[in-house]
Amino acid sequence: MAARSLTSPLVGSPDLRTERLELRPVRDEDIDRILEYRNLPEVTRWLLRTVVDPVSFRAAWQRAAKAPDDHSVAVVLDGTVIGTVSLDVVDGMGQPGLPARTEAELGYIFDPAYGGRGYATEAATAMVAYAFDRLGVRRITAGCFADNLASVRLLEKIGMRREQHGVGDSWHAELGWVDGYTYALLAETWRQGRTSQPG
Ligand SMILES: CC(C)(COP(=O)(O)OP(=O)(O)OC[C@H]1O[C@@H](n2cnc3c(N)ncnc32)[C@H](O)[C@@H]1OP(=O)(O)O)[C@@H](O)C(=O)NCCC(=O)NCCS
């Protein structure tokens, strides 16, 4: 069992399969592979956390593996890790009496060598289904820089709705203040979309 995650006992991350991909907990031996692409300029360009220090990065994944509300996965294609999808369950917004842990925050970082082939969309779609069907969250959110066109496209392909356009709300190290978007999707909207699809 130890091979399945960075630490035991196993918490958080699922084991899922899609048509082409395996989504499973991040293992310690994955970190070096992830670091092969994580700090490339085309990867860090639109991330809030840009270049990562390898030691801190490994420690952060080790902490994530122990956190029950962290369901992040490695995305594996034919035995090679090609990306990660993060899914953090959080409390939503509300007054006293707010039910706990009803929302999830989605994120994704993929190796550009495998970009543009629908893998990130396929993996994110599976994690949305996992969050709604298995974790029972009621709402999923995701944020991105407005100019991160691949991310915008991905979020809209998986059915998320742009709920906020923050004008000049986000700091970019090279560009200064730029626009940011927040996307969200309710479980009921997602279920309606599934039942209305042909076939
Ligand atoms: C965002 C990211 C995960 C997308 O990965 P990917 O493998 O290209 O994703 P997919 O192939 O599933 O889909 C990407 C979609 O964006 C489109 N796209 C990619 N680059 C684009 C661009 N510059 N302009 C417009 N559309 C673009 C693709 O054509 C595709 O849409 P399509 O299926 O309609 O053709 C990847 O680019 C990445 O990891 N970027 C660096 C990290 C990052 O920015 N993470 C998100 C932070 S919010």
Side-chain angles (χ1 to χ4, degrees), residues 13 16-24 26 30-54 56-57 60-61 64 70-88 90 103-131 139-185 190 193 197:
S13 303
L16 304 171
R17 283 218 69 95
T18 66
E19 195 181 331
R20 297 177 293 176
L21 305 168
E22 179 191 1
L23 279 57
R24 57 147 176 83
V26 174
D30 296 333
I31 304 300
D32 288 337
R33 161 65 193 132
I34 295 168
L35 283 166
E36 289 175 13
Y37 61 82
R38 176 59 182 78
N39 285 336
L40 295 174
E42 62 266 46
V43 174
T44 60
R45 178 162 175 76
W46 298 117
L47 293 176
L48 291 179
R49 193 162 164 240
T50 54
V51 174
V52 295
D53 158 65
S56 314
F57 187 69
W61 276 112
D70 190 317
H71 301 270
S72 304
V73 289
V75 180
V76 183
L77 172 72
D78 299 331
T80 301
V81 174
I82 63 166
T84 51
V85 178
S86 61
L87 187 80
D88 293 300
V90 296
E103 288 201 2
E105 296 169 350
L106 179 72
Y108 31 76
I109 302 176
F110 277 69
D111 182 348
Y114 295 86
R117 291 180 235 173
Y119 294 132
T121 302
E122 190 171 317
T125 300
M127 290 302 278
V128 166
Y130 174 76
R139 186 168 181 264
I140 296 176
T141 63
C144 65
F145 285 107
D147 284 337
N148 189 350
L149 299 179
S151 189
V152 166
R153 177 77 186 121
L154 186 160
L155 290 168
E156 293 184 354
K157 276 197 295 182
I158 67 174
M160 295 191 71
R161 171 175 52 218
R162 189 183 304 165
E163 294 193 337
Q164 185 235 3
H165 177 167
V167 178
D169 70 346
S170 305
W171 176 254
H172 190 279
E174 290 163 27
L175 304 172
W177 292 107
V178 296
D179 292 4
Y181 292 152
T182 306
Y183 282 80
L185 178 62
W190 178 74
Q197 276 168 14

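One-based numbering along the sequence shown. Order of appearance sets the numbers: ligands from 1, and atoms from 1 within every ligand. Computed from a predicted model, the values in this text were never measured in an experiment.
Contact annotation: the side chain of Phe110 approaches that of Val85 to within less than 4.5 Å [non-hydrogen atoms, C-beta and beyond]. A heavy-atom distance below 4.5 Å is not found between the side chains of Ile82 and Tyr37.
Using a distance-only test at 3.5 Å, with no hydrogens or angles considered, a donor-acceptor pair links the side chain of Asn39 to the main chain of Val52. Put simply, the side chain of Glu122 never gets that close to the backbone of Thr18: no donor and acceptor are under 3.5 Å apart.
Ring geometry for His172 versus Phe145: interplanar angle over 60°, hence perpendicular rather than tilted (30 to 60°).
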Kindly determine whether Glu36 and Arg33 satisfy salt bridge (charged side-chain N to carboxylate O under 4.0 Å, His left out), including the steps that lead there.
-> CA-CA 5 Å; Glu36 289 175 13; Arg33 161 65 193 132; 2.9 Å; yes

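Within 4.0 Å of ligand 1, protein heavy atoms come from Val43, Leu47, Tyr108, Ile109, Phe110, Gly115, Gly116, Arg117, Gly118, Tyr119, Ala120, Thr121, Gly143, Cys144, Asn148, Leu149, Ala150, Ser151, Arg153, Lys157.
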